[in-house]
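Following: one structure in structure tokens, then a few remarks.
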There are 2 protein chains.
Amino acid sequence: MKFSTKVRYGLKALVDLSMNESETPVMASHLAEKQAVSVKYLERILNSLKKAEIIKSVRGCHGGYVLNKKPEDISIYEIYVAVEGDISVSPCSMGDCPRHIACYASNVWGEINSKIVDILKDYDLATVIERVDDELSF
Amino acid sequence: MKFSTKVRYGLKALVDLSMNESETPVMASHLAEKQAVSVKYLERILNSLKKAEIIKSVRGCHGGYVLNKKPEDISIYEIYVAVEGDISVSPCSMGDCPRHIACYASNVWGEINSKIVDILKDYDLATVIERVDDELSF
DNA sequence: TCCAATCTATACCAATATAGTAGGAAATGT
DNA sequence: ACATTTCCTACTATATTGGTATAGATTGGA
């Protein structure tokens, strides 16, 4: 039940991007430095976010990344799916149980799965940023 | 975000146990056979459930396992914790973030974590059994 | 035009976690 | 005493995650 580093680094990068006041895009290397993570690894994560159209990229010299949506329109669910693929708490929950006969539980896992998805759809980047401000305010 | 086989096999075993009408305990080998899983592996899972006092065991000849609580008093959360230890969606959510400075997100992960815990606390074995009956009824 | 800076793509490797196996010790009914 | 069954612990194989490396494509600017 853990979120991977991809999700966590990705979310952090989005927070940093959303705090970029200037019009110029932010470089991967700059974002990576902030969280003490390898540039190359973060680049791949940013690329997934780009393909999901959560951010835009500018290639070449002075390039970088910018948000492609308002923070309130980016859910943690969206971020998760962008970097990890769809959420499935068990092989059964997506209806492709490998143990056809023994596996009785598709309804159960399916229900739990969709409840977790709902939580993550509810939680948007704007809310995350509020929480960051909270933390910084002491 | 996947549930491990421990959780899934454990839950299935509990369903089977709760359907045991007789007074005699059910052997690990019998439970294992039903889900086509290795006896040795399931034994360990059952042992975790026993230590959490979800089931009782009878050792020796004609021994086996029986439920120690009513199905409506056994939550999936309890089962999860019994076999896997406490739930934590990220290193941050339990307050022991390894990246002290860069990690801002403890509130965020903590909130998500406790919402997931709530879902799993809400979902009890009795409900699971209802779903099983649903599946069997067509 | 050419170079440095930057994103893109893909292949590879290492560390960790999960899943499963094995062997035997301890308990218990017959 | 013995067969049966749970309990304990160490080991191994496999899959997933996390991270690195290399080369290529694109762009702005000297």
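Each chain gets a letter, A, B and so on, in the order its sequence line appears, and its residues count up from 1. These figures come from a predicted structure and were not determined experimentally.
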Under 3.5 Å side-chain donor-acceptor pair for A/Thr5 and A/Tyr41: yes
message: How many whole angstroms separate atom OH of B/Tyr41 from atom C1' of D/dC8?
response: 17 Å
Between C/dA19 (P) and B/Lys6 (NZ): distance, integer Å: 8 Å
field: Residue pair A/Tyr65 / A/Asn20, side-chain donor-acceptor N/O under 3.5 Å
entry: no
query: CZ/B/Arg8 to NZ/B/Lys2 distance, rounded to the nearest 0.5 angstrom?
result: 8.0 Å
field: Rounded distance (Å) that lies between atom C1' of C/dA5 and atom OH of A/Tyr65
entry: 13 Å
message: Whole angstroms only, please: what is the CD-P distance between B/Glu43 and C/dG20?
response: 15 Å
- line: DNA chain D nearest-nucleotide lookup for B/Gly60 and A/Thr5: closer to the 5′ end is B/Gly60
field: Interatomic spacing from OG1 in B/Thr127 to OH in B/Tyr123 - rounded to 0.5 Å
entry: 6.5 Å
- prompt: Expressed in angstrom and rounded to an integer, what is the separation of A/Leu42 atom CG from D/dT20 atom P?
  reply: 12 Å
message: Can you work out whether A/Ser4 or B/Arg44 has the more 5'-proximal nearest nucleotide on DNA chain D?
response: B/Arg44
task: To the nearest Å, give me how far apart NZ (B/Lys40) and C1' (D/dA13) are.
output: 18 Å
- request: Would you kindly give the CG-to-C1' distance between B/Asn47 and D/dC7, to the nearest whole Å?
  value: 6 Å
task: Please check the phosphate of D/dG19 (OP1 and OP2 only) for any side-chain N or O of A/Ser38 closer than 4.0 Å.
output: no
- prompt: When you check the phosphate oxygens OP1 and OP2 of D/dT6, does a side-chain N or O of B/Ser57 lie under 4.0 Å from one of them?
  reply: no
- prompt: Of A/Leu46 and A/Cys61, whose closest DNA chain C nucleotide lies nearer the 5' terminus?
  reply: A/Cys61
message: Counting only side-chain nitrogens and oxygens, does A/Lys51 get under 4.0 Å of the OP1 or OP2 atom of C/dA9?
response: yes
field: A/Asn68 side-chain N/O to A/Lys56 backbone N/O, donor-acceptor pair under 3.5 Å
entry: no
- request: Return no unless some side-chain N or O of B/Tyr9 is found under 4.0 Å from OP1 or OP2 of C/dT18.
  value: no
- request: Take the protein atom NZ of A/Lys2 and the nucleotide atom P of C/dA17, then report the distance between them rounded to whole Å.
  value: 9 Å
